[in-house]
> 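Attaching a single structure in structure tokens format; questions to follow.
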Number of protein chains: 2
Amino acid sequence: MDAIHIRIGHNLQRVRKQRQLSLDKVADLTGVSKGMLHQIERGDTQPTVTTVWKIATGLHISFSALIKYDESTIAIVNPKEVPDITEDNGNCLVYLLFPFNPQTQIEIFTIVLKPKGNYVSTPHNEGVQEYITVVKGEFKIRVRDDEYTLPTGGAIQFEGNVTHKYMNDTDEDVTLQVVMHYPE
Amino acid sequence: MDAIHIRIGHNLQRVRKQRQLSLDKVADLTGVSKGMLHQIERGDTQPTVTTVWKIATGLHISFSALIKYDESTIAIVNPKEVPDITEDNGNCLVYLLFPFNPQTQIEIFTIVLKPKGNYVSTPHNEGVQEYITVVKGEFKIRVRDDEYTLPTGGAIQFEGNVTHKYMNDTDEDVTLQVVMHYPE
DNA sequence: CCCTTCCGTTTAGTATATTATACAAAAATA
DNA sequence: TATTTTTGTATAATATACTAAACGGAAGGG
């Protein structure tokens with residue numbers, strides 16, 4: 001996914017071309033200088049929110065229409081390049097596949113629990129949904145005061161605003177696929 | 001309605017207070033400096049889209065959540081202060097009550113047609129909906145090739161992407177209430 | 001009490017967003 | 001063809017977003 005100012009540039013140019021408007025005309029409609037519009041379209045600058053707002057207003061389009069990106073574009077993640085965060089002294093590895101995206105409100109990562117590895121999560125905010133799929137191994141989880149044991153292929157979903165603990169009581173690695181969905 | 005950077009400031013501070021986070025903590029989460037966050041909350045600055053994006057990402061909230069404004073706030077329009085645009089040599093007066101708002105995608109204005117006044121509108125873009133209510137007088141309108149005559153209290157709705165003409169064939173003023181809704 | 005830590009605020013320096021002006025090529029007009 | 005407009009681009013000057021650092025006050029902790 002492109003950076004936000006790149007998307008804005010593309011969206012702006014697309015709308016402008018669609019309506020067959022010149023930079024001068026758009027400058028006139030929006031009150032943003034022609035030069036600035038040019039730089040925004042080229043992605044040479046990171047416009048101010050007020051500038052983007054003026055463009056949205058002048059062109060009669062929503063803010064979202066300017067910051068949205070084409071869903072059909074494909075994001076490929078190379079396993080080698082995924083940043084990993086270590087917890088519990090190396091007994092819990094977290095690979096952030098897709099960092100939180102304000103567009104979709106979703107965040108996806110893989111967790112590897114080494115034998116006897118633990119991970120305690122502090123409660124998230126109200127309305128956060130957590131979806132866990134066990135990719136490999138036998139997974140034990142405690143949500144609030146209840147414990148569940150899930151085999152490979154098992155899955156669990158719960159509201160994340162309560163303390164929960166991931167556990168691996170076995171002698172083999174446990175791999176999890178975690179999807180977080182944030183409200184609003 | 002407040003300017004966008006003011007709303008962002010309020011929304012940011014509200015979320016931060018709700019979650020009981022310090023500026024330092026938010027700076028840590030978002031990668032935006034503490035000083036900048038402070039200025040944004042106070043409305044002293046107009047942040048860059050990338051900065052706002054970083055905040056949305058770090059706090060796991062949507063962009064819209066940051067730019068939205070409390071609907072319960074009231075906007076009062078003083079008739080004396082409404083800007084008016086004159087068309088057709090003063091025979092058509094347009095009063096923009098609520099300029100286009102990217103949030104609601106709506107625009108509202110009042111039109112006064114003097115006796116024998118005309119107003120020809122060039123087609124808008126695809127999907128634009130136009131809602132007209134006749135507040136006073138007898139109103140004639142041509143949409144594409146059809147003509148309609150509406151009495152006081154009458155109303156009409158049509159897709160604005162076609163040429164249409166407002167007419168006042170009477171000897172009295174005609175007052176219209178026009179709501180434009182833009183798609184997306 | 002002093003010392004530390006954490007909080008919001010301020011400030012000074014720098015990076016850069018934005019504008020106004022100028023430019024060259026293309027399109028239109030005559 | 002010569003002339004004028006219109007197009008996107010480039011540049012220089014200015015306004016301002018952003019950071020890092022320091023500040024003073026409040027809240028513990030010994």
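Each chain gets a letter, A, B and so on, in the order its sequence line appears, and its residues count up from 1.
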> Please check the phosphate of C:dT18 (OP1 and OP2 only) for any side-chain N or O of A:S33 closer than 4.0 Å.
no
> Which nucleotide in the list C:dT19, C:dT18, D:dC18 gets nearest to the side chain of A:V32?
C:dT19
> Measure CD/A:Q39 against C1'/C:dT18 and give the value in whole Å, please.
8 Å
> Among D:dG8, D:dT19, C:dT18, which is the nearest nucleotide to the side chain of A:L23?
D:dG8
> Could you point out which residue of A:K17, A:R16, A:K34 forms a salt bridge (charged side-chain N to carboxylate O under 4.0 Å, His left out) with A:E41?
A:R16
> May I ask you to check whether A:Y131 and A:F158 place their ring centers less than 6.0 Å from one another?
no
> Please tell me which of the listed nucleotides, C:dG8, C:dT18, D:dG8, lies nearest to the side chain of A:H38?
D:dG8
> On DNA chain C, does the nearest nucleotide to B:T48 precede the nearest nucleotide to B:R42 from the 5' side, or the other way round? Give the residue.
B:R42
> For B:Q157, is the CD atom crowded, meaning more than 12 foreign heavy atoms sit under 6.0 Å from it?
yes
> Nearest 0.5 angstrom please: B:L66 CG to B:W53 CH2, how far?
11.0 Å
> Tell me whether the side-chain N/O atoms of B:T45 come closer than 4.0 Å to OP1 or OP2 in D:dT16.
no
> Please give, in whole Å, the distance from D:dA17 P to A:H5 NE2?
18 Å
> Select one nucleotide: of D:dG8, C:dG8, C:dT19, the one nearest the side-chain heavy atoms of B:S22.
C:dG8
> For the pair made of CG in A:D44 and P in C:dT19, what is the distance, rounded to whole Å?
15 Å
> Could you state the atom-to-atom distance from CD of B:Q20 to C1' of D:dA27 in whole Å?
16 Å
> Under 4.0 Å between a side-chain N/O of A:R16 and OP1 or OP2 of D:dG8, yes or no?
yes
> Choosing from D:dG8, D:dC18, C:dT9, which nucleotide comes nearest the side chain of B:P47?
D:dC18
> Calculate the interatomic distance between B:M36 atom CE and C:dT11 atom C1'; express it in whole Å.
13 Å
> How close or far is atom C1' of C:dT18 from atom CD of A:Q46, stated in whole angstroms?
14 Å
> Please report, rounded to the nearest Å, how far the C1' atom of D:dT6 is from the NZ atom of A:K25.
14 Å
> What is the separation between atom NZ on B:K34 and atom P on C:dC6, rounded to the nearest whole Å?
11 Å
> Can you confirm whether more than 12 heavy atoms, excluding those of B:Q18, are under 6.0 Å from its CD atom?
yes
